[in-house]
Structures are given as structure tokens and as C-alpha cells.
Amino acid sequence: MRTLMLMMMASVLFLTHTPTALAVDLQRVKQALSASSAQWEAVDQIDPDNPMRLGLLSREHPYPQKRRPSMPQFPFSLPGYFDWRDVSGKNFVTPVRDQGYCGSCWAFASTAALEAATLIGLNTPNVDLDLSEQALVSCAPYSSCDGGYISLASEHVMKQGIPVETCYPYLQHNAPCGAMCDASLAFTHAYGIRDWTEISDGKVINIDILKSMLVTCGPLPVSFNVFEDFRAYKSGVYSYTYGKNEGGHAVLLVGYDDQLQCFMVKNSWGPSWGENGYFRIAYDQTENQVQFATRGAFAYLGAAVPENRLVPKITANGKETLTITPGQPIEIQVSLNPVNQKGGSEKDWWVWYEGPSGELGFDITHDQWTSGFHRIGYPPVYLNEYSIYTFNTTDPNTLLGPGEYTFHIDIDDNGDGIYDGTWQATATVAIR
């Protein structure tokens, strides 16, 4: 009986959130912009047949209760500018998608967050990991093209995962979950998260905490209220100027800029909208009727990738990039984080470096690092006392001269003796 009642509640809510074509008085929007101190520009023409393409349902939902696992420790100090599309030249955000004529913004924001979390977790930037939004639209509870919730989508991502796009290509309309590809294939290729947490209580949000969670956990699915003028956005730092509230929308927060006092956000209306599919929005829009991220903000706590993955990490003095003077010690530390290990073959891995003149340090000899090769079997283990090697000590054999060195950890993922970079990580050291 309770399940039936919840389904009826969800059905009633869905009926109120179907995407519709909405007229925008562009002249009034531009007049309001001219009369205000807003720092954004409106488009010259709006397609009257193009729907607002929202789909986020009311914050009140029957399931699940707000999850609040332990928050990760925040960085001691935050940079004044941060963008997951450019972290030391590495892009951990997948391309902009288009939700089309379907109220599935919640699915696109959640899927985009999972894609980014996976690229970060595997340290595989600049990869277009394309996961199936349709799997969420069709399979997440109380969700459809008529609307959905980030919280329910996040719970589904954690418990069931999302397969690749080819397993269930996006349809822009409702379809049965059973239409997904073979169940065993979907499970094998499902990506997920270890846990998730809700940052906002729907009433207030601390911007420093929001930025800290962004830097610490990766891009965040967030929600806000869309007003009539937002549909006319072309470029700049958006702030509300004109129009009525058209409904809730879910997007992906990817960065911030303290100098411009704004967030950078990935939308799901295609790359031709806004700033190549993105928009910037002022910090103070968290405090007014727009309720950016205040209405809802979520963090994904660790990627859970398909079975038998190993996530390698390598650092130099605890950093991925390091600049030191000649003669200073460099402590190279590596770790292998086993994810979803359920048996399988042993895997070889090795550590090596590239020097400033193109030389390669393949034979890193040390009592703990025999010829640079190591083996990790089942059950998997974390490297601990076997994970550290120090350069630039008093030992002349380990003294590195001036220049830039890139240290690698690489894993043979399928036992064929080929280290093809499927599971790899790097750390860069500049000696000047």
C-alpha cells in the first residue's frame, strides 16, 4: 500500500513538470539588463519552439532520507580559481550533452558527475567517457522524462551503477528499463560511486564549503530555480534580472573564480547554448530567489568502476607536480587502490621516469623496487612499506640534475605484457 501511494504521489508530481514551449519577452529581458548592473549578455533571438528543458521535481521527495556520511577533509586553503576542465592542463569533465525534449536534467547532471568522478578516480583526463542517461531515465525510481530527483539518481548510481551509452542510447522519451542491453553486460560495464552526500539543506549553503567539496570531491550536481531571463543567456556572469520562476533545473558545477565572484557550470542544453554549453553565475545567486546550489547540492564520494580495476596513484613529496632546487630529496610514493576486485588474474606493474633530455629510467634499482616490476594478486592489497623510493640523497646513483622529470606508474591490465596506459598515473618534478 505504501509503495502504491508513493507511486501515485510521484505520478502527480510528474504531471506538473513536463517540458513545454515557453515564450520569453526578450525585449523586456534586455531592458532589464540595461537598467541593472548585471554582467551578462542576452541572445538576439530565441527559438519559440524550444522548450525550457528542465525536469527537476520538488525538493520534497519520499525516498531516500538525506544521506550524510562523513565529509572529507577540506584543503587547508583554497585557490582563488579552480576549474576541473583545466587542472594543470588536464580536463576531467566530459563534453556537453543535450537532453533534448525530455525533462531529464537531473539524469544528465548526475551522469556528468559520475563521468567526471570516474575520470578523476582513474586519473584518465581528456577522455570522453559516455555513460547512459537513458538508464537513469528508465530505471531510477520515480523518474522519467516528466521529471526526477538528483538524490534518487545518486542512490541508483551508488547501488546499481550506470552502463555505457551504447548499452542504452539516449531516446529523449520514456522507455522501459528492460530495453537496456543484456543484464550481464550492463552489470559488467556499470560505473558507480562508493557513496554520496547532500551538501545543502535547501535553506542555506556555505560558499566556502561548496568550493571545498568541489575541489576535494570533483564536479558537483547542483540545482537552482530557472527564471525567464535565464533562457535568454548568451555569455557573462548570470544574475537574475527579469521574469517569473519557470521551474527547477539540475546542472554540473565544475569550477569557480573568486576574482569574478562566480561559479562555472556545465548545462545539458547542447554546446550551442550559452558559453559553448556552459554558463557562469554570480556567487550571490545562492542567496536570492535563484537559490543556486542552495536548492540542492550533492557530492559523489569516490568512483566505483567496473570489476577488477586498479586505480594507481603516484606523487612526488605528496604532490602530483613539484618544483625543487638541485640536491633536494624527492620522495616518490605510489599506491594501488583496488576497486571492485572479485577475483581474477595477478597484475604486473612498474615504475619508471622520463628525463629532460629524453632519457628513460627503466631500471630503478632498490631493495623495495626490484627492477621496477611488481606483482599484485588476489586478494588485492594496498602498497605500504613497498611504496617509497627516494631520489637526490647523498647516494650519487640517485642524484638527478636540473630539468623536468615525469615519473610513471603503469599496470598491465590484462596480463598480455603490454603496458598501454589503461591504468596509469604520473607525477612531474621540475628541478631548477
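Positions are given from 1, in the same order as the sequence printed here.
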Just how far is it from atom [atom1] of [X] to atom [atom2] of [Y], taken to the nearest 0.5 Å?
X    : Y    : atom1 : atom2 : value
F224 : T286 : CZ    : OG1   : 13.0 Å
Q39  : Q261 : CD    : CD    : 12.5 Å
L114 : L131 : CG    : CG    : 5.5 Å
L78  : S212 : CG    : OG    : 4.0 Å
L119 : Y191 : CG    : OH    : 9.0 Å
S239 : F230 : OG    : CZ    : 12.0 Å

Practice task
Flag the pair Y242 / F227 as yes when their ring centroid distance falls below 6.0 Å, and as no otherwise.
Solution key: no
Exercise for the section: Tell me whether the centres of the aromatic rings in Y256 and Y283 are closer together than 6.0 Å. Expected result: no
Practice task
Would you indicate whether Q289, at its atom CD, is surrounded by more than 12 heavy atoms from other residues, nucleotides or ligands within a distance under 6.0 Å?
Solution key: yes
Problem - Other residues, nucleotides, ligands: >12 heavy atoms within 6.0 Å of E354 CD - result: yes
Problem - D257/V237 under side-chain contact (heavy atoms from CB on, under 4.5 Å): CA gap, chis, key distance, verdict - result: CA-CA 11 Å; D257 186 339; V237 178; over 6 Å; no
Shortest non-hydrogen contact from [X] to [Y]?
X    : Y    : value
T118 : T124 : O-OG1, 4.5 Å
L210 : A293 : CD2-CB, 3.8 Å
V254 : Y278 : CG2-CE2, 4.0 Å
E246 : L54  : O-CD1, 3.6 Å
A140 : W106 : CB-CZ3, 4.4 Å

Exercise for the section: Show your reasoning for whether side-chain contact (heavy atoms from CB on, under 4.5 Å) applies to L220 and M213. Expected result: CA-CA 8 Å; L220 311 175; M213 294 296 285; 4.2 Å; yes
Problem - Backbone of P95 reached by a side-chain donor or acceptor of K266 within 3.5 Å - result: yes
Establish, from distance only, whether the side-chain atoms of [X] and [Y] form a donor-acceptor pair under 3.5 Å.
X    : Y    : answer
Q291 : N288 : no
S104 : Y170 : yes
D229 : Y238 : yes
Q31  : S34  : no
Y300 : D195 : no
T94  : D128 : no
Y149 : S143 : no
H249 : N225 : no
T111 : E133 : no

Practice task
In sequence, state the C-alpha distance, the side-chain angles, and the governing distance for Q99 and S268, and then conclude on side chain to side chain donor-acceptor pair (under 3.5 Å).
Solution key: CA-CA 6 Å; Q99 68 184 82; S268 55; 2.6 Å; yes
Practice task
Name the orientation class of the two ring planes belonging to W273 and F279 (parallel below 30°, tilted from 30 to 60°, perpendicular beyond 60°).
Solution key: perpendicular
Exercise for the section: Show your working on side-chain contact (heavy atoms from CB on, under 4.5 Å) between D44 and K30 and close with a plain yes or no. Expected result: CA-CA 9 Å; D44 294 326; K30 290 193 172 186; 3.1 Å; yes
